[in-house]
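Everything below concerns the one structure shown next.
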Amino acid sequence: MELILSTLINGLSLGGIYAMIALGYTMVYGIAKMLNFAHGDIIMVGGYVIYVFMAFHNPLLAILMAVVFCVLLGITIEKVAYKPLRGASPLAVLITAIGVSYLLQSLAQIIFGSANKMVTVYDFGSVKFLGVTVQVSALVTLAVTVVVMTALTLFVKYTRLGRAMIAVSEDKGAAQLMGINVDGIITITFAIGSALAALAGLFYLLKAPSISSTLGAMPGIKAFTAAVIGGIGSIPGAMLGGILLGVVESISYKITAIAPYTDAIEFSILIIILLVRPTGFLGKKRREKV
């Protein structure tokens, strides 16, 4: 029983991290109709910013600077790399996103080297929870994820800016005719997604205090998988897909026989779900205008 509860809590906290990253994918796709494959590398950038500012031995300062830097980086990438391609073919945008991803990884390797850097942000220790010893960092990750998801859902549903985002996601042309600044909404979406990626980078460092230039590569791919499973373009879907993937990964790692095949199991789930429900759990079918 203790092992099951411990595995479940770890899976939920890991799923929370995937959900945060998946939100960046799902919001950008839902509003700008593009797949930002450089999003995973924003996690890595946030991790390195935390690494640099931890030299001042102030975790709050390091976290704040990571969020600010990642937001500015996300906005810059959108303005420089993606905005000029507005209206271009999806393939051109996809290739550009992959190019930006490799650019960020290469710059990180040039600046910080290829060796892993150890980063100790804060040691929360462990506590007894329902008779099980649990890392407090896992509980903090889970709690922050729930708060962020709730706040973001309320923001999108009940604020003027959130409703403008929904309008742009439904029909850019009609939204523009109604006086909505479509370019501004897309920029804000990138900023929010990048801030969440910075938080995801923080929680990754709390789980494993080591960073390299490829830190965001696999988490980015898994978060994209989570977004697709939940229904890309759906905020609750990103949460659902992330939690599902995190729990499956946590359980798989605990079973020795299948632990080496964990990644294959996760991507197999994606394939099965897409065969049964191509739009994901909470995704909606969209009619393409001709």
Quick check for you: to the nearest 0.5 Å, what is the distance between [X] atom [atom1] and [Y] atom [atom2]?
| X | Y | atom1 | atom2 | answer |
| --- | --- | --- | --- | --- |
| D123 | L206 | CG | CG | 9.5 Å |
| K172 | I186 | NZ | CD1 | 5.5 Å |
| E170 | I31 | CD | CD1 | 10.5 Å |
| I243 | S13 | CD1 | OG | 8.5 Å |
| M118 | I211 | CE | CD1 | 11.0 Å |
| L205 | I63 | CG | CD1 | 10.0 Å |

A side-chain contact here means heavy atoms from C-beta on lying under 4.5 Å apart; do [X] and [Y] qualify?
| X | Y | value |
| --- | --- | --- |
| I192 | M27 | yes |
| L161 | I185 | yes |
| M54 | P59 | yes |
| F281 | L244 | yes |
| F155 | M165 | yes |
| L35 | Y25 | no |
| P219 | I17 | no |
| S252 | V248 | yes |

Return yes if some donor-acceptor pair links the side-chain N/O of [X] with the main-chain N/O of [Y] below 3.5 Å, else return no.
| X | Y | value |
| --- | --- | --- |
| T7 | I251 | no |
| T26 | G233 | yes |
| S169 | I166 | yes |
| T76 | L72 | yes |
| H39 | I21 | yes |
| K117 | F112 | yes |
| K83 | V80 | no |

According to a hydrophobic-cluster definition based on side-chain heavy atoms being under 4.5 Å apart (Ile, Leu, Val, Met, Phe, Trp, Tyr only), do [X] and [Y] belong together?
| X | Y | answer |
| --- | --- | --- |
| I273 | I221 | no |
| L103 | M44 | no |
| I265 | Y18 | yes |
| I229 | L274 | yes |
| L85 | F37 | yes |

For this session: Using the test ring pair (Phe, Tyr, Trp, His ring centres under 6.0 Å), find all partners of F69 that sit at least two apart in sequence or belong to another chain.
Result: none
For this session: Please list, chain by chain and in numerical order, all residues satisfying ring pair (Phe, Tyr, Trp, His ring centres under 6.0 Å) with F124, sequence neighbours excluded.
Result: Y122
Problem set entry | Verdict with reasoning, Y82 to V28, per side-chain contact (heavy atoms from CB on, under 4.5 Å) | CA-CA 11 Å; Y82 300 141; V28 169; over 6 Å; no
For [X] against [Y], the heavy-atom pair lying closest together:
| X | Y | result |
| --- | --- | --- |
| I50 | A66 | CG1-CB, 3.6 Å |
| I43 | A200 | CG2-C, 4.3 Å |
| M34 | F190 | SD-CZ, 4.0 Å |
| A38 | A97 | CB-O, 3.7 Å |
| A223 | A22 | O-CB, 3.3 Å |
| T159 | G162 | OG1-N, 3.0 Å |

Exercise. Under 3.5 Å, is there a donor-acceptor pair linking the side chains of N10 and Y253?
Worked result: no
For this session: Go through the steps for L202 and M20 under the test side-chain contact (heavy atoms from CB on, under 4.5 Å), then give the verdict.
Result: CA-CA 11 Å; L202 164 67; M20 276 197 183; over 6 Å; no
List the atom pairs, with distances to 0.1 Å, where a side-chain N or O of residues 134-152 and a protein N or O form a donor-acceptor pair under 3.5 Å, not counting sequence neighbours.
from	atom 1	to	atom 2	distance (Å)
T141	OG1	S137	O	2.8
T145	OG1	T141	O	2.6
T150	OG1	V146	O	2.8

Side chain to side chain donor-acceptor pair (under 3.5 Å) contacts touching [range] (sequence neighbours left out):
| range | answer |
| --- | --- |
| residues 182-197 | E78-T187, K79-T187, R86-D183 |
| residues 209-235 | N116-S210, S212-T214, K222-E249, K222-D263, K222-E266 |
| residues 45-72 | none |

